[in-house]
Amino acid sequence: MVHRVGYAPGVYDLFHVGHLNILRHARSQCDYLVAGVVSDEMAALAKGHTPVIPLPERLEIVRSVRYVDAAFVETVPDKVETWQQVRFDVIFKGDDWRGTEKGLRLERDFAEVGVEVVYFPYTVHTSSTQLRRVLDVLVSPPGALSAP
């Protein structure tokens with residue numbers, strides 16, 4: 001029996017319903033789902049800041065989601081290099097990647113090794129970036145924030 005292995009990479013910082021939606025939708029399109037949890041160092045390279053939640057905790061949270069069969073710590077920026085370690089058939093990304101330079105590169109690179117790229121709707125109303133901004137406001141001393 002052939003199993004379709006899916007891979008859903010993400011930082012998964014400040015875990016929210018958007019993360020849950022990606023994992024739920026991903027699991028519905030594969031037989032076995034591996035969630036790639038981006039390391040603190042790779043997150044800092046990609047996002048310009050380290051996650052609020054430390055890697056061991058993010059890994060445990062994602063590993064505990066019922067849609068996830070396995071969690072993998074992603075330590076390299078090259079997704080094809082990650083594929084060489086995990087060997088998935090399909091990779092899932094938010095549709096905020098669709099049509100972008102990084103999305104087109106991902107599609108090109110994975111076409112060469114026979115991996116399908118599937119995009120899911122990005123949860124616009126909730127993101128870790130938005131949550132981080134709210135936290136920054138909550139922990140800033142009064143008067144510390146300047147007008148935009």
Do [X] and [Y] share a hydrophobic cluster (ILVMFWY, side-chain heavy atoms under 4.5 Å, transitive)?
X     : Y      : result
Val80 : Met42  : no
Leu33 : Val90  : yes
Val86 : Val115 : yes
Leu55 : Ile61  : yes
Val73 : Phe15  : yes

Taking NZ, NE, NH1 and NH2 as the nitrogens, is one of them in Lys47 or Asp13 under 4.0 Å from a carboxylate oxygen of the other? no
Charged N to carboxylate O under 4.0 angstrom, Arg105 versus Glu101?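 Yes, this pair counts.
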Is the Tyr32-His3 ring centre distance short of 6.0 angstrom? no
Do [X] and [Y] have side-chain heavy atoms sitting under 4.5 Å apart?
X      : Y     : answer
Val113 : Trp83 : yes
Tyr67  : Val62 : no
Arg63  : Val68 : no
Ile53  : Tyr12 : no
Ile91  : Pro9  : yes
Phe92  : Tyr7  : no
Glu74  : Lys79 : yes
Val5   : Val34 : yes

Just by modelled atom types, is the [Y] backbone N or O under 3.5 Å from a matching donor or acceptor in the [X] side chain?
X     : Y      : value
His25 : Ile22  : no
Asp40 : Thr50  : no
Arg4  : Gln29  : yes
Asp95 : Tyr119 : no
Arg27 : Asp31  : yes
Arg58 : Val11  : yes
Trp97 : Lys102 : no

When rounded to the nearest 0.5 angstrom, what is the spacing between NE2 in His19 and CG in Leu23?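 Spacing of NE2 (His19) from CG (Leu23) equals 8.5 Å.
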From OG1 (Thr100) to CD (Glu107), nearest 0.5 Å: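 The CD atom of Glu107 is 8.5 Å from OG1 of Thr100, to the nearest 0.5 Å.
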On a heavy-atom basis, the closest approach of Val38 and Ala43 is CG1-N, 3.5 Å
Work out which heavy atom in Val37 is nearest to a heavy atom in Leu59; give both atom names and the distance.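 Result for this residue pair: CG2-CD1, 3.9 Å.
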Kindly indicate, with the supporting measurements, whether the criterion ring pair (Phe, Tyr, Trp, His ring centres under 6.0 Å) is fulfilled by Phe88 and Phe72. CA-CA 12 Å; Phe88 44 87; Phe72 174 83; 9.0 Å; no
